[in-house]
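Letters A, B, ... are given to chains in the order of the sequence lines, protein chains preceding strands, and every chain is numbered from 1. Here the structure is a predicted model, which means the values were calculated and not measured. Computed over heavy atoms, backbone and side chain alike; hydrogens, waters and symmetry mates excluded.
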2 protein chains.
Amino acid sequence: MDDFLLTLNIEGFTSRLKRLSDYLLYSTRDLYDELDIAIEPNWNLVIRLLQKNQQMTLMEIADQINFSHPAVVKIIKKMKKRGFVKTQPDQTDGRKQLLLLTPKALKQLPQLEQLWQTQITVLTHLLKDSPNFLTELGHIEEQLKQQDYKQRVLTQLEQ
Amino acid sequence: MDDFLLTLNIEGFTSRLKRLSDYLLYSTRDLYDELDIAIEPNWNLVIRLLQKNQQMTLMEIADQINFSHPAVVKIIKKMKKRGFVKTQPDQTDGRKQLLLLTPKALKQLPQLEQLWQTQITVLTHLLKDSPNFLTELGHIEEQLKQQDYKQRVLTQLEQ
DNA sequence: TATATTTGCGTAACCAGTTACGTATATGTT
DNA sequence: AACATATACGTAACTGGTTACGCAAATATA
């Protein structure tokens, strides 16, 4: 079973990217299941943000991690249900809900920290033969921020 | 709006990968919509395979592109409905359905070819400052084929 | 040759993202 | 002060992947 996507070169790029990121996502979920850890992928992003800022609104979180706000709504809803996050109405703005980590989350943090650190170690090892990968990923993100993909293709089509 | 994921370094790796691949997927769908082209992302993979091999079973396709077979079932179902692909029962094996490109697909191929070529041009340009990206992506895929991610983390946790 | 195992592939339910839409509250403008 | 616009955020429907399950046909085995 040789990998047809590789033979497609750049044409296989997007699909390979998705395949890899899906793989990492499902594996991580699987890992947490197997270890009986009651968190899910991406929760670390929210927890890291709330460690840094104490309290944030949902929109601030969405902004900082560049997810759509409904995506964050879903993540927060689960984190709340599992008692990792609580909300506090903003005193000066009735639309806003301030999000905070719960004591339960803080208590579990050392355990999570250790697991995340292990994942970092594994990823670092995985990237050992790919020393430019993260930097170059940054370049790609940067370029797309300058001009979006669809517009690039449309412009190119006019040539 | 600075990008928090970047500050997380390796810890943000998986999420950045997903964010980018999702972005490319949605943009591409959007692009096809806007151009009123009746195909969808990933169809090029199937079409390329069927160009190369004339006829293949669903499982063969799934194998070659490394997708789960239900994923391919869904793609094929749509391609069939839009008349891009037809099926032919295998004479010697009653379980198998041979898949072939239709004349309609062949007729539309030059137009698709031009569009895909434009996308390749744009992606190539996008990767101009990231000359090692594709190679290093290959390294990562290779490593994960040697030992899967979950196992790596579990092993590392025992240390 | 009967039976157990494997294979092809269809369906269902789940998951994590998206866009589109609605509503309540703030904010800006005349 | 009244009204138009913008913002926060919740919900619904869609998408493209996944795993789990089932069944019929083929293949291997006793």
Side-chain angles (χ1 to χ4, degrees), chain A residues 5 14-34 39-46 56-63 65-80 85 87-99 148-150, chain B residues 5 14-34 39-46 56-63 65-80 87-99 149-150:
Chain A
L5 292 199
T14 305
S15 302
R16 280 168 70 186
L17 225 47
K18 174 150 179 60
R19 193 175 59 176
L20 177 58
S21 86
D22 278 352
Y23 171 79
L24 289 173
L25 178 68
Y26 296 135
S27 304
T28 302
R29 218 176 44 201
D30 213 26
L31 174 71
Y32 293 164
D33 270 7
E34 190 156 326
I39 62 165
E40 294 180 28
N42 281 337
W43 288 19
N44 62 327
L45 305 182
V46 176
M56 301 177 75
T57 67
L58 195 146
M59 294 305 286
E60 282 166 355
I61 292 175
D63 249 32
I65 62 178
N66 245 309
F67 281 31
S68 70
H69 87 267
V72 179
V73 169
K74 286 187 190 179
I75 294 171
I76 293 297
K77 209 187 258 177
K78 281 194 203 168
M79 291 183 78
K80 243 164 131 175
V85 140
T87 53
Q88 221 170 56
D90 185 310
Q91 296 303 326
T92 68
D93 189 334
R95 295 166 305 177
K96 293 183 181 173
Q97 287 288 326
L98 295 173
L99 298 167
D148 73 41
Y149 178 74
K150 196 177 78 176
Chain B
L5 293 199
T14 304
S15 301
R16 281 168 71 187
L17 224 49
K18 173 149 181 59
R19 193 174 61 176
L20 176 59
S21 87
D22 278 353
Y23 172 80
L24 290 172
L25 177 69
Y26 296 135
S27 303
T28 302
R29 215 175 47 199
D30 213 27
L31 173 72
Y32 293 164
D33 270 6
E34 190 157 326
I39 60 164
E40 294 180 28
N42 281 336
W43 287 19
N44 61 327
L45 305 182
V46 175
M56 300 177 75
T57 66
L58 195 147
M59 295 305 286
E60 281 166 355
I61 293 175
D63 249 30
I65 62 179
N66 246 311
F67 282 31
S68 70
H69 87 266
V72 179
V73 169
K74 285 187 191 179
I75 294 171
I76 293 297
K77 211 188 257 178
K78 281 194 201 167
M79 290 183 78
K80 242 165 133 175
T87 53
Q88 221 170 55
D90 185 310
Q91 297 302 326
T92 66
D93 187 333
R95 295 166 305 177
K96 293 183 182 174
Q97 287 287 327
L98 296 173
L99 298 167
Y149 177 74
K150 196 177 76 174

Worksheet entry | Tyr149(B) to Ser27(A) - nearest heavy-atom pair and separation |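 That would be CD2-CB, 3.8 Å.
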
Separation of [N] [atom2] from [X] [atom1] (nearest whole Å):
| X | N | atom1 | atom2 | value |
| --- | --- | --- | --- | --- |
| Asp93(B) | dT27(D) | CG | C1' | 10 Å |
| Trp43(A) | dA16(C) | CH2 | P | 10 Å |
| Ile76(B) | dG16(D) | CD1 | P | 14 Å |
| Lys74(B) | dC9(C) | NZ | P | 18 Å |
| Arg29(B) | dT15(D) | CZ | P | 7 Å |
| Lys96(A) | dG10(D) | NZ | C1' | 17 Å |
| Met59(B) | dT6(C) | CE | C1' | 11 Å |
| Asp30(A) | dC14(C) | CG | P | 17 Å |

Discussion item. Nearest heavy atom decides the nucleotide; on that basis, is Thr92(B) or Leu25(B) closer to the 5' end of DNA chain D?
Written reply: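 Mapping each residue to its closest nucleotide by heavy atoms, the 5'-most match is Leu25(B).
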
Worksheet item: Relative to the 5' end of DNA chain D, which residue comes earlier, Lys18(A) or Lys80(A), by the nucleotide with the nearest heavy atom?
Response: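 Closest to the 5' end, via its nearest nucleotide, is Lys80(A).
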
Quick check on [N]: is either OP1 or OP2 less than 4.0 Å from any side-chain nitrogen or oxygen of [X]?
| X | N | answer |
| --- | --- | --- |
| Ser68(B) | dT18(D) | yes |
| Lys78(A) | dA16(C) | yes |
| Lys77(A) | dT11(D) | yes |
| Asn42(A) | dC15(C) | no |

In terms of side-chain heavy atoms of [X], which of [options] is nearest?
| X | options | answer |
| --- | --- | --- |
| Glu40(B) | dA26(C), dG10(D), dG16(D) | dG16(D) |
| Arg95(A) | dT18(C), dT18(D), dA8(D) | dA8(D) |
| Leu58(B) | dG10(C), dA6(D), dA20(C) | dG10(C) |

Discussion item. Among residues at least two apart in sequence or on other chains, which ones pass salt bridge (Lys or Arg N to Asp or Glu O under 4.0 Å) with Lys150(B)?
Written reply: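 Lys150(B) satisfies salt bridge (Lys or Arg N to Asp or Glu O under 4.0 Å) with Asp30(A), Glu34(A) once adjacent residues are dropped.
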
Please tabulate, one pair per line, all N/O donor-acceptor pairs under 3.5 Å involving side-chain atoms of residues 68-76 of chain A, not counting sequence neighbours.
from, atom 1, to, atom 2, distance (Å)
Ser68(A), OG, Ala71(A), N, 3.4

Worksheet item: With side chains defined as the heavy atoms from C-beta onward, is the minimum distance between Ser15(A) and Leu45(B) less than 4.5 Å?
Response: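 A side-chain contact exists here, since the closest heavy-atom pair is under 4.5 Å.
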
Fill in: Check: Thr57(B) and Leu98(B) side chains under 4.5 Å, non-hydrogen atoms
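Yes, side chains in contact.
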
Practice prompt. Spell out yes or no: do the side chain of His69(A) and the base of dG10(D) have one donor N/O and one acceptor N/O closer than 3.5 Å?
Written response: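 Answer is yes: a donor-acceptor pair is held.
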
